[in-house]
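Shown next, in structure tokens, is the structure this report addresses.
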Amino acid sequence: MKSKNALECLNALAHEHRLTLFRLLVQAGDEGMAVGELVDATGMAGATLTNHLNILRRAGMVTDERRGRVIQCRANYPQMNALLGFLTENCCAGSSGAACSPASTCKPKRRTP
């Protein structure tokens, strides 16, 4: 990941509501959540939620898929992992300390019905 991409991701996540949305989608796993589920979980108005999701989409942090009348949103795990890798790639450079190591990648689990 390049610095410009990292800045776009960090900018998208630098808002309380967007961070909350992204964390909900990360917790939801591969299946993600429908927009209606996100409205119910956050209490945000539909237009506000849509605006926040669009900002996350433009940064590549969220993807979506239309399923009939439902829009299913998902966290973009490869993008999230790339951001974590970018932030930690030079962590404790030159130090052999075990406390500082690159972030491991997140592999989402499927939600159980």
Side-chain angles (χ1 to χ4, degrees):
M1 176 173 279
K2 300 205 184 277
S3 292
K4 182 178 179 187
N5 300 109
L7 287 170
E8 290 170 356
C9 294
L10 291 170
N11 185 50
L13 295 171
H15 186 281
E16 180 181 2
H17 295 310
R18 290 192 294 270
L19 184 59
T20 298
L21 287 169
F22 185 72
R23 293 188 73 204
L24 283 170
L25 292 172
V26 168
Q27 292 169 17
D30 273 336
E31 186 62 26
M33 294 175 74
V35 170
E37 292 175 308
L38 289 168
V39 167
D40 292 342
T42 63
M44 284 185 223
T48 302
L49 180 81
T50 299
N51 183 50
H52 288 309
L53 286 172
N54 283 334
I55 292 168
L56 290 167
R57 277 186 204 104
R58 281 193 300 270
M61 298 302 291
V62 170
T63 62
D64 60 39
E65 170 188 9
R66 181 171 287 281
R67 293 183 180 174
R69 294 176 49 177
V70 175
I71 298 175
Q72 196 76 10
C73 298
R74 292 178 192 79
N76 183 348
Y77 292 98
Q79 182 81 335
M80 179 187 75
N81 291 329
L83 178 61
L84 291 172
F86 175 83
L87 293 172
T88 60
E89 72 183 339
N90 297 318
C91 181
C92 302
S95 173
S96 61
C100 185
S101 61
S104 61
T105 58
C106 177
K107 295 180 180 151
K109 297 178 183 175
R110 298 235 181 245
R111 277 197 324 190
T112 53

Looking only at non-hydrogen atoms, find the nearest pair between [X] and [Y] and report the distance.
{"X": "Cys9", "Y": "Ala59", "answer": "SG-O, 3.6 Å"}
{"X": "Tyr77", "Y": "Gly29", "answer": "OH-CA, 3.3 Å"}
{"X": "Gly46", "Y": "Val39", "answer": "CA-CG2, 4.5 Å"}
{"X": "Ala41", "Y": "Leu24", "answer": "CB-CD1, 4.0 Å"}

Distance from [X] atom [atom1] to [Y] atom [atom2], nearest 0.5 Å?
{"X": "Leu87", "Y": "Met1", "atom1": "CG", "atom2": "CE", "result": "8.5 Å"}
{"X": "Arg58", "Y": "Asn11", "atom1": "CZ", "atom2": "CG", "result": "10.0 Å"}
{"X": "Leu53", "Y": "Leu38", "atom1": "CG", "atom2": "CG", "result": "6.0 Å"}

Within a reach of under 6.0 Å around CZ of Arg69, are more than 12 heavy atoms found that belong to other residues, nucleotides or ligands?
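It does not: Arg69 CZ has 12 such atoms or fewer within range.
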Do [X] and [Y] share a hydrophobic cluster, counting only Ile, Leu, Val, Met, Phe, Trp and Tyr and linking them when any side-chain heavy atoms are less than 4.5 Å apart?
{"X": "Phe22", "Y": "Leu7", "answer": "no"}
{"X": "Ile55", "Y": "Leu13", "answer": "no"}
{"X": "Val70", "Y": "Met33", "answer": "no"}

Is any side-chain heavy atom of Thr48 closer than 4.5 Å to a side-chain heavy atom of His52?
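A side-chain contact under 4.5 Å exists here.
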Validation row: Arg57, Asn54 side chains within 4.5 angstrom (heavy atoms)
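A side-chain contact exists here, since the closest heavy-atom pair is under 4.5 Å.
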Partners passing side-chain hydrogen bond (donor to acceptor under 3.5 Å, both in side chains) against Arg23 (at least two apart in sequence or in another chain):
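Per chain and number, Arg23 pairs via side-chain hydrogen bond (donor to acceptor under 3.5 Å, both in side chains) with no residue.
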Polar side-chain atom of Gln72 near backbone of Glu31 as donor-acceptor pair, under 3.5 Å:
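Yes.
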Please confirm whether the backbone N or O of Gly60 pairs with a side-chain atom of Asn76, one donor and one acceptor, at under 3.5 Å?
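Pair found, side chain donor or acceptor close to backbone of Gly60.
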Check step by step if side-chain contact (heavy atoms from CB on, under 4.5 Å) holds for Leu21 and Val62.
CA-CA 10 Å; Leu21 287 169; Val62 170; over 6 Å; no
side-chain contact (heavy atoms from CB on, under 4.5 Å) assessment of Glu8 paired with Asn5
CA-CA 5 Å; Glu8 290 170 356; Asn5 300 109; 4.0 Å; yes
I need the full list of salt bridge (charged side-chain N to carboxylate O under 4.0 Å, His left out) pairs touching residues 74-83, with sequence neighbours left out, sorted by first then second residue.
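Passing the test, one end in residues 74-83: Glu65-Arg74.
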